[in-house]
Amino acid sequence: MSDAGPGESGRVVWHAVRPTVWPTAELARTARLFAPVAIGPMRSRTRTWVPAMVPWRATADGFVTRDVIDWYRRFAQGLPGVLVVEATGVRDVPSGPLLRIGHDRFVPGLRDLVTAVREASGGRTRLLLQILDFLAIRRRPEPTRFFGEFLRIEPRHRDALAARGHVSHDVGDPAIRAALARLPDGELDAVLSPRELRDLRFGMREEVNDLDRPHVAELPRVLPGVFAAAAARARDAGFDGVELHFAHAYTMASFLSRTNRRDDGYGGSREGRVRLPLEVLAAVRARVGARFCVGCRLLGDEVVAGGSRIEDATYYAVELARAGMDFVSVSKGGRFEDCKQPHIGEAAYPYTGPSGHECMPAVRSDERGPFGRNLHLAAAIRSAIRTAGLDTPVVAAGGIGTFELAESALRDGACDLVAAARQSLADPDWWLKVELGAGASVQRCKFTNYCEGVDQRHKQVTCQLWDREFGDEDASPRTLARAPAGRVTVSRAERTAGDTSSRIALRACRRMRGPDYWRSTRRNSTSSSNSLSIGAPSRVAGAKRHCAAARCAARSSRGWPEVRAMRTSPTAPPALTHSTSCTVPSSPRRLASPGYSGERFAPSIGCARTKAVGSGAGGTGTAAMTGSA
């Protein structure tokens with residue numbers, strides 16, 4: 001059994017986010033992390049990877065929205081080597097505010113998303129679409145409704161109730177349902193089957209083992225063609241490739257799981273369990289050809305009792321790589337089997353139990369801690385693939401938020417690319433900041449899984465560093481009162497070497513008292529950097545955006561960088577330049593909030609002198625290093 005929850009000892013340990021050493025620009029240029037890598041037919045500029053995250057910004061019908069486009073545009077501005085768009089359903093079935101690609105009508109919106117990422121990254125970021133299938137799940141029902149509507153009454157229910165003296169053998173189904181609804185939990189355990197108890201206490205959830213349901217029995221016949229059609233639509237929309245989602249709590253992962261007991265040739269043995277994933281890969285490749293990247297995400301360990309382990313994962317990875325998979329991205333856990341019981345009216349969430357902790361390790365952990373916690377799984381899978389004589393790249397993830405950890409994972413051979421979701425959410429520019437020698441300006445993830453808590457409620461995902469007042473000991477969200485329009489000035493005295501940007505931002509935010517958008521009612525006409533003027537807000541919202549903007553202003557005043565692409569030709573990718581001095585120009589520019597879908601106004605910090613640290617092939621564009629976003 002793998003590590004889970006707070007650890008085998010049961011002792012909970014809170015781990016601090018440790019100080020780290022960031023590389024200079026010169027060191028970063030020689031780092032393996034920023035070296036190019038071939039991923040099948042695709043070539044990534046660096047080995048940096050933003051994995052799929054579901055932000056809950058699509059429409060209820062699965063269409064791309066402006067919020068979705070803004071979300072991915074913001075990540076693309078940080079120039080990761082590879083950016084993976086969120087889990088997108090391959091079947092044209094209701095899925096709530098999750099993206100879908102089960103019909104041609106979804107392609108135009110996805111094409112707009114691709115265009116936005118290309119423009120924001122100057123064509124430097126490779127873009128993949130994660131595609132998946134999922135089975136039906138329902139919310140936990142009221143017991144009276146479960147017994148009155150959902151439970152299928154069988155003779156065994158009548159016999160069990162009659163044996164306990166609750167009903168006679170000749171009563172009808174309504175009397176059986178009423179009697180069941182009156183039973184205490186202890187007696188229900190003896191009367192209902194384990195599956196019925198789970199449906200009552202967690203909500204109905206389909207499984208790949210439900211061969212009595214025709215549509216589940218038909219999955220091996222249906223899914224290869226459905227995945228292939230979805231991949232073709234992704235290609236038509238302009239993506240560089242797709243990531244087949246074979247991980248976590250979804251259909252394909254369930255076929256790979258040891259818990260798959262199907263007796264139709266698609267379950268039981270390892271060979272049977274990997275059969276459908278291989279058929280899906282073959283169908284996708286036949287449809288999109290060899291010039292379109294096709295990789296997968298799979299679990300190195302399911303964590304749950306009776307689930308697959310690393311020896312299963314290494315077998316699957318080798319078989320998939322041998323069949324032509326272009327990359328293998330490794331995750332862990334995130335299963336339904338050990339999730340917490342949801343409240344009545346809510347659906348089960350697969351990241352709330354020990355396997356969920358292992359998927360997104362947090363600072364509340366065991367003695368091992370969260371940082372790089374799952375690297376050993378990627379290392380084992382990569383070793384197995386190399387032993388088989390294959391060079392398929394392996395992507396590692398799990399609590400990675402520093403250059404030191406990422407670079408050591410690459411140099412030690414644990415992986416070929418490094419993925420960071422939560423750190424990229426905390427600071428979408430972090431990969432680029434590190435690459436340019438500006439790692440000291442990285443806004444570091446706290447690994448408290450605040451974002452995962454928002455995701456549980458199916459709300460638009462945010463980071464606790466966006467919507468809290470920086471420096472507060474009490475991390476609870478605050479709603480600030482409206483203040484009249486005007487200006488807030490951060491003086492040079494407040495920008496001392498020992499004063500952090502967080503504290504400067506906090507003071508500025510407290511004076512400003514709560515904005516939604518940064519609307520400057522007055523313009524600073526001087527280029528002097530003795531003070532930094534920030535336009536006060538004209539309407540009220542939470543601390544989410546104005547804290548980030550104030551922090552941006554504070555960091556700008558200290559010369560910390562943020563990358564803004566400027567091109568001299570429409571097709572030229574931006575070159576990377578590093579500012580050595582900054583001044584305040586006369587008008588503000590528009591900035592996207594870190595990872596946030598809206599916009600705000602913040603002061604622009606222009607660069608007086610720049611030092612080139614890279615250039616795009618075939619282009620003459622430049623990029624200005626301004627303040628941190």
I'd like to know if Arg74 pairs up with Asp70 as an ion pair, taking the criterion as any Lys NZ or Arg NE/NH1/NH2 lying under 4.0 Å from an Asp or Glu carboxylate oxygen.
no
Evaluate the criterion side chain to side chain contact (heavy atoms under 4.5 Å, CB included) for residue pair Gln423 and Arg444; output intermediate values, then yes/no.
CA-CA 6 Å; Gln423 176 55 54; Arg444 296 185 63 189; 4.1 Å; yes
Between Arg73 and Ala116, the two heavy atoms sitting closest are NH2-CB, 3.9 Å
Assess whether atom CZ of Arg139 is packed by more than 12 heavy atoms of other residues, nucleotides or ligands within 6.0 Å.
no
Does this structure show an ion pair linking Glu302 with Arg309, if we count only N-O contacts that are shorter than 4.0 Å?
no
Derivation of the salt bridge (charged side-chain N to carboxylate O under 4.0 Å, His left out) call for Arg205 and Glu337
CA-CA 11 Å; Arg205 175 170 56 83; Glu337 288 87 348; 5.1 Å; no
Using 4.0 Å as the upper bound for N to carboxylate O, is an ion pair formed by Arg100 and Asp61?
no
Looking at Asp112 and Arg66, does any basic side-chain N land under 4.0 Å from a carboxylate oxygen?
no
Review item, side-chain donor-acceptor pairs of residues 230-238, under 3.5 Å, at least two apart:
| unit_1 | atom_1 | unit_2 | atom_2 | d |
| --- | --- | --- | --- | --- |
| Arg233 | NE | Asp104 | OD1 | 2.8 |
| Arg233 | NH1 | Ile101 | O | 3.1 |
| Arg235 | NH1 | Arg287 | O | 3.3 |

Which one of Ser355, Ser331, Ser254 satisfies the side chain to side chain donor-acceptor pair (under 3.5 Å) criterion with His248?
Ser331
Run the salt bridge (charged side-chain N to carboxylate O under 4.0 Å, His left out) check on Asp240 and Arg43 step by step: do they pass?
CA-CA 10 Å; Asp240 296 299; Arg43 187 171 180 83; over 6 Å; no
Could you go through the side chain to side chain contact (heavy atoms under 4.5 Å, CB included) check for Leu128 and Val82 one step at a time?
CA-CA 7 Å; Leu128 306 178; Val82 178; 3.8 Å; yes
Are more than 12 heavy atoms from other residues, nucleotides or ligands located less than 6.0 Å from atom CZ of Arg138?
no
Please walk me through it: do Glu407 and Arg32 pass salt bridge (charged side-chain N to carboxylate O under 4.0 Å, His left out)?
CA-CA 7 Å; Glu407 183 70 5; Arg32 188 165 179 79; over 6 Å; no
Looking at side-chain heavy atoms only, is the closest gap between Val288 and Val294 below 4.5 Å?
yes
Cys415 vs Leu410 side-chain heavy atoms within contact, under 4.5 Å:
yes
Does Leu298 reach the side chain of Leu320, with side-chain heavy atoms less than 4.5 Å apart?
yes
On a heavy-atom basis, which atom in Thr125 and which in Ala76 lie closest, and how many Å separate them?
OG1-O, 4.2 Å
Between Ser329 and Arg297, is a side chain to side chain donor-acceptor pair (under 3.5 Å) present by the stated rule, with each step listed?
CA-CA 4 Å; Ser329 178; Arg297 192 161 215 210; 3.2 Å; yes
Closest heavy-atom contact between Val90 and Val226?
O-CG1, 3.3 Å
Going by heavy atoms in the side chains, are Leu223 and Leu276 under 4.5 Å from each other?
yes
So, for Phe403 and Trp430, is the gap between ring centers shorter than 6.0 Å?
no
In the structure I gave you, are the side-chain heavy atoms of Met42 and Phe327 within less than 4.5 Å of one another anywhere?
no
